[in-house]
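Notes follow the structure.
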Amino acid sequence: MPKAIKYAERALTITAQGAWTVFEKLNSIKPNASFTPKWSDKPLLKSYQKEKPPLGWPRTTDSLCPKCVPEIRQQILDGKLPHEILLNEKVGEIKAQIIERDGKILMIKDCPKHGHFEDVMSIDTAFFKHLEEVFPGRDIKAHNDEGLHNHGTSTVTHGRGSVLTIDLTNRCNMMCDPCFMDANQVGFVHELTWEEIKQMLDNAITIKPRRQMSVQFSGGEPTLSPYFLDAVAYARKVGYNSVQAATNGIEFAKSKELCRAAAEAGLRYAYLQFDGIGNAANSHRKVGNLFDVRVQAINNLHEAGVDIVPVTCIINGINNEQVGRIINFALDNPKTISFISFQPVSFTGRDEAITDERREAQRYTLSHMAHDVKNQTGLGEPTRDWFPISFMSTFSDWADLVHGPDKDWGQLSCGCHPNCGIGMALMIDKETKEAVPVTAFLNADRLAKDVAKVNDAARGKFLSIVGVTLALLRNYDPTKSPTHFRILDLLAKFDKCFGATGRKYGKVTGDRTMDDINKRRQDRWNFLFIAGMWFQDLFNYDFRRTEQCIIPYATQEGEISFCAYNTGVGWRNIIEKMHMTSSLTKWYEEHGRHEIFAGGKKVGLSTGDNHLVLNQADVDAEANDTFEKSGIAKNSREEKIRARDAKLKQDAENARMAKLYRENILGEKPLEGGIVSIGSIAPAPKPAAAPVVATEKTEETVMGD
């Protein structure tokens, strides 16, 4: 029976092909002008009006010197230079070339002072070319933003972004390595007041185009802020319908009550740090039972009505083998996980001063990720199933058109540079767990071009829905979709994503209830989106990416691109120092120390029900031992220890050579006790030092040194 239905649907798609041909011709006659919606002072863009940065290769772009920038930043932090220099001068900027060499895409650049730098951007030239070719172009230029977007060459110039990030505190209850913000190690506390939080959220909704419907509270660990729940509730109040927390999950795992309170306040997503399956796969984070924490947090949050997004920082040689295991974990739990975010490591924060040897060994690009997904799961053809996440902006444009000019907020639009982020969607049957890449049965490239034609004609709501319905049908191959997937499921899924028809699938607005959440979860089909977001560091920095950032940070000094804040010229270090709450010592005196889990310390968890399906072989697998075998340092801490040991060894060798020189060349003779006679009265030998008792020093105590 399913096969017969598939063939009947195939006949319908062929009919839709003919109907589309007629519709396209009629639709192209005298297209309407674009309207200007309430949420923008500029009209909607036609597809051909969208700007694009220089793409392809070889090409030249503006980048930064990995050595100049930290030097200048330190001078600003030390008060030797004003921070305004970042607004008026091109601090540390150099030209970079993006080239092909030996089947790879590289960024190469030369600093007159510090010499040559190069790094890999892609290990697959066809994949890199595909991502840039299907990039639809930039969003509407940002406007009404003069007071918030003013950061020199780091200024965000296009769009309104997708997710506003607000760091509530720089305090954290872990001591991660890597850590792009160097949490717990900067010697002071930077924690937003309630008035600052409200001001940032109020400011954010003034920028246009007002389409940024998501806000993410981060840190440090945001749950340590006394205003975490209040911030979630206020974000909902001012209009954000997707409120998120970027969290390590410790507090959520410890307390079901916190999960319920967060959900009631309006928390919709928990972006949960998730580096692999099993405690061994998470051992580089130095928490003894970190995977157990993740499992408990997922169970607690899901029960409370909060959706979970596992977020994985992938480091080559540390956890790259976990890519497939994490996806399989999501496939095994389709009723719980509907989004995965992989983030190839950015060498910044604790890792900014990385050695070339470790950087080359640990570098992991989006192309690595696409190939690892295919090799480890058998899913996803790199040039068929992966697209830049900005590819979806064409469909967001259609939703803006259908919703009309009176909407208060525009549709979320991920208009970032094609080198920034990629995505692949799987359609999963929650009952049978069958999974198929959406682009295996839907011609996404042609569909986007069809939708762009509908958008450019700018017809009314009815004709725009008819046009996209025909486009979906003609680009759909039912014989390649999941066994029980039907055309009506395809249309309903599309409508559920963009809310075009007004059909009720369960609210996502601020007044949503648990009934709404359960209604949305009853959908048989899980549209699992696997994203890869590659944040820049000083070795691959490109200002063309910064200009159209979709994840800006709200700060006391305006809204700043994610990469300009955490890497680039390093606005985070400067702003946090400018607006520090107190020194670490004073904070501890007034508030006491919060608990930090490090050095293998375990989190105390109460026994809870686990509804997740776990692959025991993956849970029990040993940690990746690539760097034990290679002899290369695994992280910045090991590099510092090795550098210290090497210096001590070199100092000892220098002292030995100096002693030999004095004895054999100068003819000096050592006196009793090892003191060398230099023709004058020798100082008395020092008394023997008291024996030193070695004590284990945890990373928690190091924080207060």
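Hydrogens, waters and symmetry mates play no part in the numbers below; they use all other heavy atoms, side chains included.
When all heavy atoms of Gly380 and Asp385 are compared, the pair lying nearest together is CA-OD2, 3.3 Å. A pairwise comparison of heavy atoms in Asn248 and Glu221 identifies N-OE1, 2.9 Å as the closest pair. Among all heavy-atom pairs drawn from Cys313 and Arg285, the shortest one is CB-NH2, 3.7 Å.
Here the CG atom belonging to Asn615 is positioned 9.0 Å from the CG atom belonging to Asp620, to the nearest 0.5 angstrom. Atom NZ of Lys335 sits about 8.5 Å away from atom NZ of Lys433, to the nearest 0.5 Å. The distance from atom CG of Asn299 to atom CZ of Arg294, rounded to the nearest 0.5 Å, is 14.0 Å.
No donor-acceptor pair closer than 3.5 Å links the side chain of Asn624 to the backbone N or O of Ala281. Counting only distance, with no hydrogens or angles, the side chain of Ser218 and the backbone of Ala246 share no donor-acceptor pair below 3.5 Å.
The pair Lys208-Asp145 fails the salt-bridge criterion, with no side-chain N (NZ, NE, NH1 or NH2) lying under 4.0 Å from an Asp/Glu carboxylate O. A salt bridge links Asp167 to Arg572: at least one charged side-chain nitrogen sits closer than 4.0 Å to a carboxylate oxygen. Looking at Asp523 and Lys496, a side-chain N of the basic residue comes within less than 4.0 Å of a carboxylate O on the acidic one, giving a salt bridge. A salt bridge does not link Asp230 with Lys198: none of the charged nitrogens is closer than 4.0 Å to a carboxylate oxygen. No salt bridge links Asp307 with Arg268; every basic N to acidic carboxylate O contact stays at or beyond 4.0 Å. By the 4.0 Å N-to-carboxylate-O rule, Arg160 lies too far from Asp139 to be salt-bridged with it.
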Practice task
Please step through ring-ring contact (aromatic ring centres under 6.0 Å, His included) for the pair Phe441 and Phe485, ending with a clear verdict.
Solution key: CA-CA 11 Å; Phe441 59 83; Phe485 193 73; 5.6 Å; yes

Practice task
May I have the step-by-step check of salt bridge (Lys or Arg N to Asp or Glu O under 4.0 Å) for Asp400 and Arg211, ending in yes or no?
Solution key: CA-CA 10 Å; Asp400 286 333; Arg211 59 160 78 257; 3.1 Å; yes

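Taking the centre and axis of the six-membered ring of Phe597, the NZ or CZ atom of Lys601 falls inside the cone set by 45° and 6.0 Å. A cation-pi arrangement is absent between Arg210 and Trp39 under the rule of less than 6.0 angstrom and at most 45 degrees off the ring axis.
Ring-plane geometry between Phe562 and Tyr553 is classed as tilted, the angle between the planes lying from 30 to 60 degrees on a 0 to 90 degree scale. Between Phe529 and Phe339, the angle of the ring planes lies from 30° to 60°, which puts this pair in the tilted group.
Under the 4.5 Å side-chain criterion, counting only non-hydrogen atoms from C-beta, Phe494 is in contact with Trp398.
Looking at residues two or more places apart in sequence or on another chain, you find no side-chain hydrogen bond (donor to acceptor under 3.5 Å, both in side chains) involving Glu431. When the salt bridge (charged side-chain N to carboxylate O under 4.0 Å, His left out) test is applied to Lys430, no partner is found at least two apart in sequence or on another chain.
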